There are 2 protein chains.
Amino acid sequence: MTTAKTRPDPMAILEDHGYRSTAPRRAVVDILRRKEDGFTAEEIIDDLPGIGRATVYRTIRLLLEAGVLCKLALPDGAPKYTLSTVEHHHHTICVRCGTVDTFRDTTMERLMRAIGDDVSGDIVGHRIEVYVTCGRCLTQVRS
Amino acid sequence: MTTAKTRPDPMAILEDHGYRSTAPRRAVVDILRRKEDGFTAEEIIDDLPGIGRATVYRTIRLLLEAGVLCKLALPDGAPKYTLSTVEHHHHTICVRCGTVDTFRDTTMERLMRAIGDDVSGDIVGHRIEVYVTCGRCLTQVRS
DNA sequence: GCCTGCAATGATACTGAGTATCACTACAAG
DNA sequence: CTTGTAGTGATACTCAGTATCATTGCAGGC
Ligand SMILES: [Mn+2]
Ligand SMILES: [Mn+2]
Ligand SMILES: [Zn+2]
Ligand SMILES: [Zn+2]
């Protein structure tokens, strides 16, 4: 059970998209590669006092466009981001502690395609977020 | 084919929750009862120059808590609200013109319950939004 | 119908997240 | 190295939403 998953280097992906490898971008990428959990933009900014807010936001936008990051819209508050694995997936978010987890459900994807018959127009995307009280929070509540 | 659906009066619902029936609240409720489509908070504020921003936001919050409104998180930009029918439902949002529609899919709800086995912790809610290019926008693109 | 307490209002100032600007910096190609 | 240009970051700004608080007006008691 290794926690380190082999994932393509986000910086390499940015370079493939024609962007330069710069020290600030590498710093941002290094930080968020270490985050197993979801993180906010402001979190990254605080972790990197030497790097301007604008650069952090710009780097996040590039990584989103490159598909390296997922953007989660929480019920309220600032969005969270997670490193995206290659496979299409969705997220559970603990409403108590904010922990983000991923899940995959191929039935869901099939269902989404079936819904195409119910809705007028062409489906171009979807967002599915499941709000949970996570296992750890459940045990805390009961103790 | 009547467009006016018989829905419980949002103001009456607020009164049931112990809130006063005031002129500003009635004005807000009157406006948004007329909107078949999704609307933003700022839209309501612009429609009611005599009423303070704070009051509009406060009224929207009360209606959300009372379950009268749904709040939609668009991919980016300010959230939209829609009057909620009693039945649980979800929304399609046209990525081109922003039109909001509703759909129901009981299979989806059954599936959500099935997912409970896959995720750790208790499911307390979910958000499903389907992004589309609506029928009207499709015909415009092709003309 | 009037008092009156307290809920509600709204002008204003504020916060927080994100973006535009622009003079400056540093990457990378030659 | 030199050099054009992509990238940076301090700063000022926008935009959505919230806190404050003096004033207003609703609703229940009389
Ligand atoms: Mn999906
Ligand atoms: Mn549902
Ligand atoms: Zn939790
Ligand atoms: Zn449309």
Side-chain angles (χ1 to χ4, degrees), chain A residues 9-32 38-66 68-82 93 98, chain B residues 9-32 38-66 68-82 93 98:
Chain A
D9 175 26
M11 195 61 244
I13 293 171
L14 288 189
E15 291 191 76
D16 288 349
H17 285 242
Y19 299 110
R20 288 183 181 173
S21 170
T22 68
R25 281 179 186 157
R26 283 191 299 267
V28 170
V29 164
D30 278 1
I31 286 281
L32 55 83
F39 52 87
T40 63
E42 223 60 32
E43 216 175 306
I44 305 296
I45 290 165
D46 292 347
D47 285 354
L48 297 168
I51 293 178
R53 329 167 26 75
T55 297
V56 172
Y57 277 109
R58 281 188 286 238
T59 306
I60 287 174
R61 178 157 17 92
L62 293 182
L63 291 170
L64 277 176
E65 286 163 9
V68 175
L69 291 183
C70 301
K71 183 179 185 178
L72 310 188
L74 307 196
D76 35 34
K80 279 196 167 189
Y81 302 90
T82 66
I93 302 150
Chain B
D9 175 26
M11 195 61 244
I13 293 172
L14 287 189
E15 289 191 76
D16 288 350
H17 284 244
Y19 298 109
R20 290 183 179 174
S21 170
T22 68
R25 280 178 187 158
R26 283 191 299 269
V28 170
V29 165
D30 278 2
I31 286 281
L32 56 82
F39 50 87
T40 63
E42 222 61 31
E43 216 175 305
I44 305 295
I45 290 166
D46 292 346
D47 286 353
L48 298 169
I51 293 179
R53 333 168 22 77
T55 297
V56 171
Y57 277 109
R58 281 189 286 241
T59 305
I60 287 175
R61 178 157 17 92
L62 293 181
L63 292 170
L64 278 176
E65 285 163 8
V68 175
L69 290 184
C70 300
K71 183 179 185 178
L72 310 189
L74 307 196
D76 35 34
K80 280 196 166 189
Y81 302 91
T82 66
I93 302 150

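Naming: A, B, ... by sequence-line order, numbering from 1 per chain. All figures in this text were calculated on a predicted structure; none of them were measured in a lab.
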In this structure, how many angstroms lie between the [atom2] atom of [N] and the [atom1] atom of [X], rounded?
X       : N      : atom1 : atom2 : answer
B:Arg26 : C:dT9  : CZ    : C1'   : 14 Å
A:Glu15 : C:dA29 : CD    : P     : 9 Å
A:Ile60 : C:dT19 : CD1   : C1'   : 14 Å
A:Lys80 : C:dA17 : NZ    : P     : 13 Å

Quick check on C:dG16: is either OP1 or OP2 less than 4.0 Å from any side-chain nitrogen or oxygen of A:Arg53?
no

Evaluate the side-chain proximity of [Y] to [X]: yes if any heavy-atom separation is below 4.5 Å, no if none is.
X       : Y       : result
B:Ile51 : B:Ile44 : no
B:Leu32 : B:Leu63 : yes
A:Leu14 : A:Val68 : no

Does B:Lys71 or A:Gly18 map to a spot on DNA chain D nearer the 5' end, using the closest nucleotide for each?
A:Gly18

Heavy-atom nearest nucleotide on DNA chain D for A:Pro49 versus B:Thr22: which residue maps closer to 5'?
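The answer here is A:Pro49.
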
The residue among B:Asp47, B:Asp46, B:Ile45, B:Ile31 that forms side chain to side chain contact (heavy atoms under 4.5 Å, CB included) with B:Val56 is B:Ile45

Within the distance-only criterion (no hydrogens, no angle test), does the side chain of [X] pair as donor or acceptor with the backbone N or O of [Y] below 3.5 angstrom?
X       : Y       : result
A:Lys71 : B:Asp76 : no
A:Arg25 : A:Met11 : no
A:Lys80 : A:Gly98 : yes

What is the nucleic acid contact for [X], judged by heavy atoms within less than 4.0 Å: base, sugar-phosphate only, or nothing?
X       : result
B:Gly77 : nothing
A:Arg58 : base
B:Thr40 : nothing

Between C:dG10, C:dG18, C:dA7, which nucleotide has the shortest distance from any of its atoms to the side chain of B:Arg20?
C:dA7

Shoot me the first and last contacting nucleotide of DNA chain D against chain B, ordered 5' to 3', at under 4.0 angstrom to non-hydrogen atoms.
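The footprint of chain B covers D:dA16 to D:dA27.
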
